[in-house]
> 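The structure that follows is given in the form of structure tokens.
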Amino acid sequence: MSIFDYFAPKSTDEQERKSFSPNPYKKLFSELDAKGDELKTQHPDDGKMVDNFVRAIKDTYKARCKKAPDGNPQILKAKACFFLTADRMSAYACLLPPENGGEEITLEEFLEDMRYEGIHYGVLQEEIPQELASGYFRIFLIARGTSPQAGEDGKVTELFQRRRTMCLEIQNEGQVDFSQDIPLQPVRKGAVICLIRPSKAGTDGMDVTGRELPCPQAVSANIPQGENTTISRGGQALTATVDGILYIQNDLFCIHEQKIIDGDVDQFQGVLQISGNLYIGGNVDGGVDIEASGDIVINGKLGQARVKSLGGTIHVQQGIYGTSGKTFLSAAHQVQSPVVEWAEISAGTNVVAEMISNSTIQCEGTVYALTGRGMITGSVIQAGDSILCLRVGNLAGDRSQFSVGYPPNSPESWHRVKTELAEVQSTIKKLWSSIGDLRKKGSRISDVEKSVLDQLVVQRDLYVEKREGLTAELNDLDKVLDKKSTGRIKCETLHPFVTVRIGRLTEEITTAEENCNIHMVGNRMLLK
């Protein structure tokens, strides 16, 4: 046959050949492509691998359809092709049909082939027989791995504020807001301080090849357990083991074991002596006597009582409404109260209030009344530093006496010692005169007179010794009062009458003044 003869029938028979599929694999391969696209949608990161798998199936099938070298059709058994996703969490298979009367693949053979490919975890034992019975050229899932399940980190929910100190000392007295909560936090034994959610371990996973996939390590809760607290309720709560005051130390909740009185305190309690801090949830009245070595917090009002803090601060949340001669407060540090009426107060540092009326105050530091009314009226105040307020006096003309810039009682002590020294000096002079008169008698002195003389000499020596002590004390007070004082009285409005003492200088202000800054310059007292 010539080359022409070879192409001629091919050309003349072209229309007839087109009625048969020029590509016998087209339909099968189209179904494979559709299944591959579906697989790529499920595993978008494995698109290239899916394409390679589909291509390998096509190439394998084409190779199986070729005739043997001797020209006879090959008898081929059904064949299983396998595919793993990149993360090895899914395995797929595709069955190619037997050729030229070859045998079908059995379930046992399929599973064995799969095992030899290293796929032996998460095998879908129930689904595979159904898939094998559904026909060829289908890509189907045969195994699914188990993803690791993350656990839960532990968590602590704090039910109290993180107060970093038990101390009530106020640092910025000019910005005090008595409407705020009291810094001390009283807690009862058994009170829940924090809720704890323990960590929960996760579950490891495994891919279809049997490789273990560890889950992330859950982080345990960082429990802020400090002194006098315990973990209870099966590890789900941090609770108090004692009554006391809650505070933070080194980022841990601690409790200072302390006396807590929830309600009022009156004469029925008698004398209360407490070691440490004391928290009273109600009012204090009825002449009760209270003494504590630490801070004292009274959440209500204070009436007739004697309250003493040997080493801390006294804080009265709702005001001091005392009775003249029956209300006394003494603190090693500050005394704080929005209202101070008819009270006698001694403070080692400062007194902080919003209203001071008809009271006597001594403090080593400053008296502040810069919030609320910011008013001081009808009071006697001795401040080692200054008195700072918004208003002094009232329209009724209540008198006040202020002494600032020196340790309390220094000016009074100077006047007292000076007066006493003059009296002692006068007494010594009289004793010398009497002694001199008796000594002039010489040998004519009687036994009675001699006894009197001896007594006068002893008295004189005692008074001379006393004079020396008073002189030394006066010299010390002179040194104190001679020091330049920065103490001052500052207020926006001043109503008469106010007696002001700074050191040895005393002045009575009988006129209304605005924007006062009363201080001492040299030997003069200035109002502005």
Side-chain angles (χ1 to χ4, degrees), residues 173-176 319-322 324 335 337-347 350-416 418-419 477 480-528:
E173 293 85 350
Q175 302 296 323
V176 177
I320 301 169
Y321 299 92
S324 179
V335 173
S337 176
V339 176
V340 177
E341 291 186 2
W342 297 104
E344 295 183 28
I345 294 176
S346 175
N350 306 324
V351 174
V352 185
E354 294 181 344
M355 174 71 193
I356 300 173
S357 172
N358 300 306
S359 295
T360 300
I361 296 175
Q362 289 186 352
C363 70
E364 298 292 337
T366 297
V367 174
Y368 293 90
L370 294 172
T371 58
R373 286 189 176 89
M375 184 175 178
I376 302 176
T377 182
S379 296
V380 177
I381 298 178
Q382 295 177 319
D385 192 348
S386 300
I387 298 174
L388 307 179
C389 60
L390 301 180
R391 179 181 175 185
V392 174
N394 56 23
L395 297 178
D398 288 346
R399 290 181 176 271
S400 292
Q401 297 179 34
F402 295 163
S403 174
V404 299
Y406 297 93
N409 291 323
S410 292
E412 290 82 357
S413 297
W414 185 86
H415 284 288
R416 175 186 56 78
K418 191 172 181 62
T419 300
L477 288 169
V480 171
L481 295 175
D482 285 340
K483 289 181 180 178
K484 184 179 179 181
S485 173
T486 59
R488 60 193 60 237
I489 300 166
K490 293 185 69 174
C491 62
E492 296 178 0
T493 303
L494 186 148
H495 293 275
F497 299 88
V498 181
T499 300
V500 176
R501 175 182 290 171
I502 304 179
R504 296 187 182 90
L505 299 180
T506 301
E507 184 168 334
E508 185 172 9
I509 302 173
T510 59
T511 58
E513 302 289 342
E514 297 290 332
N515 298 318
C516 292
N517 181 14
I518 305 172
H519 61 289
M520 187 171 66
V521 177
N523 292 321
R524 298 176 55 206
M525 188 184 299
L526 303 180
L527 298 184
K528 303 289 185 178

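The figures here come from the full heavy-atom set of this structure, side chains too, leaving out hydrogens, waters and symmetry mates.
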> So, S337 side chain and V339 main chain: donor-acceptor pair closer than 3.5 Å or not?
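At least one qualifying donor-acceptor pair exists.
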
> Return yes if some donor-acceptor pair links the side-chain N/O of T366 with the main-chain N/O of N350 below 3.5 Å, else return no.
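Not confirmed, T366 side chain does not pair with N350 backbone.
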
> Listing request: all side-chain hydrogen bond (donor to acceptor under 3.5 Å, both in side chains) pairs with a residue in residues 516-527, at least two apart in sequence or in separate chains.
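Those involving residues 516-527 are R488-N517.
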
> Who are the side chain to side chain contact (heavy atoms under 4.5 Å, CB included) partners of T419, not counting sequence neighbours?
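If we apply the side chain to side chain contact (heavy atoms under 4.5 Å, CB included) test to T419, skipping adjacent residues, the hits are E423.
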
> Would you check, one step at a time, whether the test side-chain contact (heavy atoms from CB on, under 4.5 Å) holds for V500 with I489?
CA-CA 9 Å; V500 176; I489 300 166; 3.6 Å; yes

> Any sub-3.5 Å donor-acceptor pair from S400's side-chain atoms to G378's backbone N or O?
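Present.
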
> Walk me through it: do F402 and I376 pass the test side-chain contact (heavy atoms from CB on, under 4.5 Å)?
CA-CA 10 Å; F402 295 163; I376 302 176; 3.8 Å; yes

> Mind checking what makes side chain to side chain donor-acceptor pair (under 3.5 Å) contact with S386, not counting sequence neighbours?
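Side chain to side chain donor-acceptor pair (under 3.5 Å) list for S386, sorted by chain: empty.
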
> Can you pull out every salt bridge (charged side-chain N to carboxylate O under 4.0 Å, His left out) where at least one residue sits in residues 379-404? Sequence neighbours excluded, please.
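Non-adjacent pairs meeting salt bridge (charged side-chain N to carboxylate O under 4.0 Å, His left out): R399-E508.
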
> For W414, what residues pass the side chain to side chain donor-acceptor pair (under 3.5 Å) criterion, not counting sequence neighbours?
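With neighbours one apart ignored, the set is D478.
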
> With sequence neighbours excluded, tell me which residues meet side chain to side chain contact (heavy atoms under 4.5 Å, CB included) with E513.
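Here the qualifying residues are L494, I509, T511, C516, L527, K528.
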
> Looking only at side-chain N and O atoms, does T360 offer a donor or acceptor that is under 3.5 Å from a partner on E344?
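Their side chains do not contain a donor-acceptor pair, so the 3.5 Å distance test is not met.
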
> Determine, step by step, whether M355 and M375 satisfy the side-chain contact (heavy atoms from CB on, under 4.5 Å) criterion, reporting the C-alpha distance in whole Å, the side-chain angles of both residues, the deciding distance to 0.1 Å, and the verdict.
CA-CA 5 Å; M355 174 71 193; M375 184 175 178; 3.6 Å; yes

> State which residues pass side chain to side chain contact (heavy atoms under 4.5 Å, CB included) with A343; sequence neighbours excluded, sorted by chain then number.
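In terms of side chain to side chain contact (heavy atoms under 4.5 Å, CB included), with neighbours along the sequence ignored, A343 is linked to I320, T327, L329, V340, I345, S359.
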
> Using salt bridge (charged side-chain N to carboxylate O under 4.0 Å, His left out) as the criterion, list what pairs up with E507, not counting sequence neighbours.
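Result, salt bridge (charged side-chain N to carboxylate O under 4.0 Å, His left out) vs E507: none returned.
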
> Side chains of L505 and M525: closer than 4.5 Å at any heavy-atom pair?
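The answer is yes, as the side chains (C-beta and beyond) meet within the 4.5 Å cut-off.
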
> List the residues meeting side chain to side chain donor-acceptor pair (under 3.5 Å) with S403, not counting sequence neighbours, and say none if there are none.
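For S403, no residue satisfies side chain to side chain donor-acceptor pair (under 3.5 Å) once neighbours in sequence are set aside.
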
> Could you tell me which residues satisfy side chain to side chain donor-acceptor pair (under 3.5 Å) with T499, sequence neighbours excluded, listed by chain and number?
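Side chain to side chain donor-acceptor pair (under 3.5 Å) check on T499 returns nothing, list empty.
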
